[in-house]
Amino acid sequence: MRILITGAAGFLGSHLCDRLLADGHEVVGMDNFVTGSRDNIAHLMGNDKFTFYKHDVSNYIFVPGKMEAVLHFASPASPNPQSPYAYFNLPIQTMKAGALGTHNTLGVAKANHARFLLASTSEIYGDPLVHPQAETYAGNVDPVGPRAVYDEAKRFAESLTMAYHRQHNVDTRIVRIFNTYGPRMDLEDGRALPNLLKQALLGQPVTVYGDGSQTRSFCYVDDLVEGIVRLLLSNEHMPVNIGNPVEMSLLQFAETINRITGNQAGMAFVADARSARDPQRRQPDITRARTILGWEPKVNLEEGLHKTIPYFKEKLGLTGLK
Ligand code: NAD
Ligand code: UDP
């Protein structure tokens with residue numbers, strides 16, 4: 001297939017480019033670098049199966065030639081208001097990427113009779129009142145809360161995707177991605193793994209927001225990409241959760257990072273670091289992914305950290321050190 005990937009210079013987008021090229025597809029990458037980096041796709045620039053357009057997906061998209069699939073991943077994704085890359089600090093761009101960007105990419109898919117895959121998120125469940133979260137749960141989102149610019153943009157994007165499927169017969173898919181980590185995450189983007197792993201490798205106390213009792217479930221990027229590829233190749237039009245169902249508190253997560261890195265500096269508890277209401281529990285119910293896609297994650301947190309640490313060390317200039 002010839003595949004358009006928006007957000008190609010981001011963490012997930014760049015891994016998808018690698019995987020789809022390795023599978024023999026031709027990839028057209030698009031990104032405006034608002035939160036991504038040229039470094040993430042520099043290794044693809046000589047590849048004659050890869051072309052790249054610097055473009056803001058909120059504006060009309062024109063890509064010459066026929067496309068068989070469109071994967072819409074362009075959006076700021078970090079919820080940490082302390083990061084300049086966070087959607088809190090890019091509120092209108094975030095809403096436009098989710099709303100206008102989804103409209104434009106659906107338009108490309110429709111014009112090309114291409115299949116379409118939307119990168120949605122566990123954030124559409126908001127601060128969930130049902131646990132674990134299955135795709136049937138409609139969520140608990142405050143439309144004017146601080147996270148709303150991201151959550152509501154993604155909810156709108158899902159609705160628009162289903163509208164294009166139902167009205168125009170576009171061959172759509174929706175993946176609801178839960179917390180994912182791995183190499184090429186931006187060390188400064190403020191999400192839990194980059195913050196804590198960077199701090200631990202530098203021998204600093206790892207910052208735990210609140211009392212650390214809030215939970216998340218962390219998925220290694222290769223597992224996520226495998227699930228996305230299976231969904232793309234399936235005929236499933238309704239949303240599918242992809243994430244690791246092993247739920248842990250942030251305290252357990254911080255302890256694991258300190259143990260694996262040998263960090264002796266412990267933890268620093270930071271009160272009220274989040275201006276937003278922090279979802280208290282998050283865990284995917286992956287029954288649909290298991291039954292429809294035959295997918296489940298294979299990489300546990302310790303293995304995933306060992307795969308991620310070399311990238312972080314290189315970025316921190318710690319290569320060669322123990
Ligand atoms: P990222 O910030 O690394 O990647 C997003 C990419 O989109 C960046 O390269 C950015 O420059 C680009 N982008 C943003 N707005 C754009 C625009 N208007 N035009 C063109 N490019 C634009 O984040 P990520 O973690 O790779 O997330 C990728 C997608 O996956 C996002 O849609 C995000 O909502 C979704 N997602 C990620 C996670 C996760 O845990 N990583 C969880 C849920 C959903
Ligand atoms: N978190 C933390 N310390 C940090 C960064 C994040 O304790 O330095 C917590 C945050 O409060 C949240 C969890 O880690 O409970 C996951 O945060 P992340 O930013 O990765 O994304 P979220 O799951 O909230 O969308």
Side-chain angles (χ1 to χ4, degrees), residues 5-16 29-38 40-41 53-59 61 71-83 85-87 90 92-102 104-105 118-124 127 147 150-151 153-154 157 175-182 184-186 189-199 205-219 221 224 228 241-243 248-251 253-254 257 267-270 272-274 276-282:
I5 303 181
T6 73
F11 162 49
L12 297 182
S14 64
H15 282 280
L16 270 170
M30 181 171 287
D31 207 293
N32 68 351
F33 302 116
V34 63
T35 61
S37 164
R38 285 181 195 277
N40 290 339
I41 47 169
Y53 292 90
K54 181 174 185 290
H55 181 73
D56 182 337
V57 294
S58 302
N59 298 321
I61 297 170
L71 277 58
H72 181 36
F73 277 70
S75 171
S78 167
N80 194 333
Q82 292 171 342
S83 161
Y85 305 125
Y87 52 72
L90 300 164
I92 297 170
Q93 274 163 284
T94 301
M95 294 215 79
K96 286 171 79 174
L100 305 179
T102 304
N104 289 330
T105 49
L118 173 71
S120 185
T121 166
S122 53
E123 277 285 318
I124 66 106
D127 193 1
R147 284 186 178 237
Y150 183 70
D151 301 6
K154 291 287 188 181
V175 56
R176 291 184 180 157
I177 302 168
F178 284 65
N179 296 62
T180 300
Y181 68 95
R184 299 195 196 137
M185 286 194 100
D186 193 310
D189 93 356
R191 283 182 269 189
L193 184 121
N195 265 11
L196 273 65
L197 189 52
K198 181 182 61 183
Q199 292 156 346
V206 296
T207 51
V208 174
Y209 294 166
D211 63 4
S213 63
Q214 72 272 32
T215 69
R216 293 294 186 273
S217 311
F218 296 92
C219 185
V221 62
L224 179 92
I228 289 172
N241 290 337
I242 300 281
M248 66 186 73
S249 68
L250 258 293
L251 270 182
F253 180 66
I257 289 196
M267 300 177 199
F269 289 87
V270 183
D272 297 318
R274 291 259 166 131
R277 209 171 42 165
D278 201 358
Q280 286 308 296
R281 292 186 75 180
R282 187 183 289 155

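Ligands are counted one by one from 1 in listed order, and the atoms in each one are counted from 1 as well.
Nearest protein heavy-atom neighbour of atom 32 (O) of ligand 1: Lys154 NZ, 2.7 Å. Nearest to atom 40 (O) of ligand 1 among the protein's heavy atoms is Thr180 N, 2.9 Å. In this structure, the protein non-hydrogen atom closest to atom 5 (C) of ligand 1 is Ser75 O, 3.3 Å. The shortest contact between atom 38 (C) of ligand 1 and any protein heavy atom is with Ile177 CG2, 3.8 Å. Looking from atom 9 (O) of ligand 1 to the surrounding protein, the closest heavy atom is Asp31 OD2, 2.6 Å. Here the heavy atom of the protein found nearest to atom 27 (O) of ligand 1 is Ala77 CB, 3.8 Å. Taking atom 37 (C) of ligand 1 as the reference point, the nearest protein heavy-atom neighbour is Leu12 CD1, 3.5 Å. Protein heavy atom at the shortest distance from atom 28 (C) of ligand 1 is Phe73 O, 3.5 Å.
At least one N/O-N/O distance between Asn32 and ligand 1 falls below 3.5 Å. Some N or O of Thr35 is nearer than 3.5 Å to an N or O of ligand 1, by distance alone. Note: an N/O pair closer than 3.5 Å links Gly10 and ligand 1 by distance alone. Inclusion of Arg191 in the set of residues having an N or O under 3.5 Å from an N or O of ligand 1 is warranted. At under 3.5 Å, a nitrogen or oxygen of Phe11, whether backbone or side chain, sits near a nitrogen or oxygen of ligand 1. The N/O atoms of Ala74, backbone and side chain alike, include none that comes under 3.5 Å of an N/O atom in ligand 1. Taking only nitrogen or oxygen atoms, main chain and side chain alike, Gln199 does not reach within less than 3.5 Å of ligand 2. On a distance-only criterion, Asn80 and ligand 2 share no N/O pair closer than 3.5 Å. For ligand 2, the polar-atom distance check against Leu193 finds no nitrogen or oxygen pair separated by under 3.5 Å. Looking at Thr121 next to ligand 1, no N or O pair under 3.5 Å apart turns up. Any N or O atom pair closer than 3.5 Å counts here, and Arg191 shares no such pair with ligand 2.
Phe253 and Phe218 have parallel rings, their planes meeting at less than 30° on a 0 to 90° scale where 60° marks the start of perpendicular.
Counting atoms of ligand 1 from 1 in the listed order, those under 4.0 Å from a heavy atom of Ala9 are 9 (O). The distance from ligand 2 to the heavy atoms of Thr207 drops below 4.0 Å at these ligand atoms: 2 (C), 3 (N), 4 (C), 7 (O), 8 (O). Of all the atoms in ligand 2, the ones that sit under 4.0 Å from a non-hydrogen atom of Asp278 are 10 (C), 11 (O), 12 (C), 15 (O), 24 (O). Proximity to Asn179 (heavy-atom distance under 4.0 Å) selects the following atoms of ligand 2: 20 (O), 21 (O), 22 (P), 23 (O). Using a 4.0 Å cut-off to heavy atoms of Asn179, the atoms of ligand 1 that qualify are 40 (O). Listed by atom number, the atoms of ligand 2 under 4.0 Å from Val208 heavy atoms are 7 (O). In the vicinity of Asp56, heavy-atom distances shorter than 4.0 Å reach the ligand 1 atoms 17 (C), 18 (N), 19 (N). Set against the non-hydrogen atoms of Gln214, the atoms of ligand 2 under 4.0 Å away are 9 (C), 11 (O), 15 (O). Heavy-atom proximity to Leu196, at under 4.0 Å, picks out these atoms of ligand 2: 3 (N), 4 (C), 8 (O). Every atom of ligand 2 with a heavy atom of Arg147 under 4.0 Å away is listed here by number and element: 24 (O), 25 (O). Per-residue contacts place Glu123 under 4.0 angstrom from the following atoms of ligand 2 (heavy atoms of the residue considered): 25 (O).
The closest side-chain heavy-atom distance from Thr180 to Leu224 is below 4.5 Å.
Evaluated by nearest non-hydrogen atom to atom 6 (C) of ligand 1, the leading choice among Gly7, Gly13, Gly101, Gly36 is Gly7. Here the shortest heavy-atom distance to atom 1 (N) of ligand 2, taken over Phe269, Phe253, Tyr209, belongs to Tyr209. Of the candidates Tyr150, Tyr181, Phe218, the one placing a heavy atom closest to atom 36 (N) of ligand 1 is Tyr150.
In this view, Asn104 and Ile61 satisfy the side-chain contact (heavy atoms from CB on, under 4.5 Å) rule, not counting sequence neighbours. Asp127 pairs by the salt bridge (Lys or Arg N to Asp or Glu O under 4.0 Å) definition with nothing, not counting sequence neighbours.
Ser75 and Tyr150 make their closest contact through OG-CE1, 3.8 Å (heavy atoms, listed as atom of the first residue, atom of the second, distance).
Note that CG of Leu118 and NE2 of His72 are 6.5 Å apart. Values are rounded to the nearest 0.5 Å.
Residue Ser120 places a heavy atom under 4.0 Å from ligand 1. Heavy atoms of Lys96 come nearer than 4.0 angstrom to ligand 1 in no pair at all. At least one heavy atom of Val34 sits closer than 4.0 Å to an atom of ligand 1.
With respect to Glu123, the salt bridge (charged side-chain N to carboxylate O under 4.0 Å, His left out) criterion is satisfied by exactly one of Arg282, Lys154, Arg216: Arg282.
Residue contacts with ligand 2, taken as heavy atom pairs separated by less than 4.0 Å, involve Ala192 via backbone and side-chain atoms alike.
Looking at Lys198 and Asp186, no side-chain N of the basic residue comes within less than 4.0 Å of a carboxylate O on the acidic one, giving no salt bridge.
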